[in-house]
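Inspection log for the structure reproduced underneath, given as structure tokens.
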Amino acid sequence: MHLAGNLADRYLSTILPQGKQMPNIFALGATVMLMAAKLEQPISPSFNRMLALLPSSEQSRITKQDLIDLEEDILITLKFSLHWAGPVTFIERFQRL
């Protein structure tokens, strides 16, 4: 969850000063959650599963291709720099010690 929030925050803080249009907030949320799950979980959810979790009003407006395109845009905008040094990594390390 923290990684998804970090990805969304870094993406928005990069594109908004450039004058780019803000993406659909539901599509952004689903995409960054999917990206974070791909990085952190052994089994990642599918695009179709993420679309099914959206509110019914948004399911008809957002397609699988929209999520794929947004994921590509996020990756390019962040220059594939997806990880960050957050507190969870250090807490897990201290727990192991």
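All heavy atoms count here, side chains included; hydrogens, waters and symmetry mates do not.
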Answer yes if Ile76 and Met35 sit in the same cluster of Ile, Leu, Val, Met, Phe, Trp and Tyr residues linked by side chain heavy atoms under 4.5 Å apart, and no otherwise.
-> no
Nearest-0.5 Å distance, CD of residue Gln59 to CZ of residue Phe26 | 11.0 Å
Side chains of Leu53 and Pro45 in contact at under 4.5 Å (non-hydrogen atoms) = no
Grab the two heavy atoms, one from Ala30 and one from Leu54, that are nearest each other, plus how far apart they are.
-> CB-CD2, 4.1 Å
Is it the case that one hydrophobic cluster holds both Leu97 and Ile91, taking links as side-chain heavy atoms less than 4.5 Å apart, direct or via other members?
-> no
Does anything in residues 18-30 pair up under side chain to side chain donor-acceptor pair (under 3.5 Å), and if so which pairs, sequence neighbours excluded?
-> Asn24-Glu58
One should read off an interatomic distance between Leu28 CG and Ile15 CD1, to the nearest 0.5 angstrom, of 8.0 Å
Can you tell me how far the CD atom of Glu71 sits from the CG atom of Leu7, to the nearest 0.5 Å?
-> 10.0 Å
Does some side-chain heavy atom of Arg61 sit less than 4.5 Å from a side-chain heavy atom of Asp66?
-> no
Leu82 and Leu75, any side-chain heavy atoms less than 4.5 Å apart = yes
Note: Thr77 and Tyr11 closest approach over all heavy atoms is OG1-CE1, 3.6 Å
Rounded distance (nearest 0.5 Å) linking atom CG of Leu67 with atom CG of Leu51 | 4.5 Å
If you draw a 6.0 Å radius around CD1 in Ile43, do more than 12 non-hydrogen atoms from other residues or ligands fall strictly inside?
-> no
Are the side chain of Ser81 and the backbone of Leu78 linked by a donor-acceptor contact shorter than 3.5 Å?
-> no
Between Met1 and Ile74, is there a shared hydrophobic cluster once you connect ILVMFWY residues whose side-chain heavy atoms come closer than 4.5 Å?
-> yes
hydrophobic_cluster_shared for Met33 and Met22, side chain cutoff 4.5 Å = yes
Do the side chains of Leu12 and Pro23 get nearer than 4.5 Å, heavy atoms only?
-> yes
Pairwise distance CD(Glu72) to CD(Gln65) - rounded to 0.5 angstrom | 9.0 Å
Under the salt bridge (Lys or Arg N to Asp or Glu O under 4.0 Å) test, which residues partner Lys64, sequence neighbours left out?
-> none
Nearest-0.5 Å distance that lies between atom CZ in Phe47 and atom CD1 in Ile62 = 13.0 Å
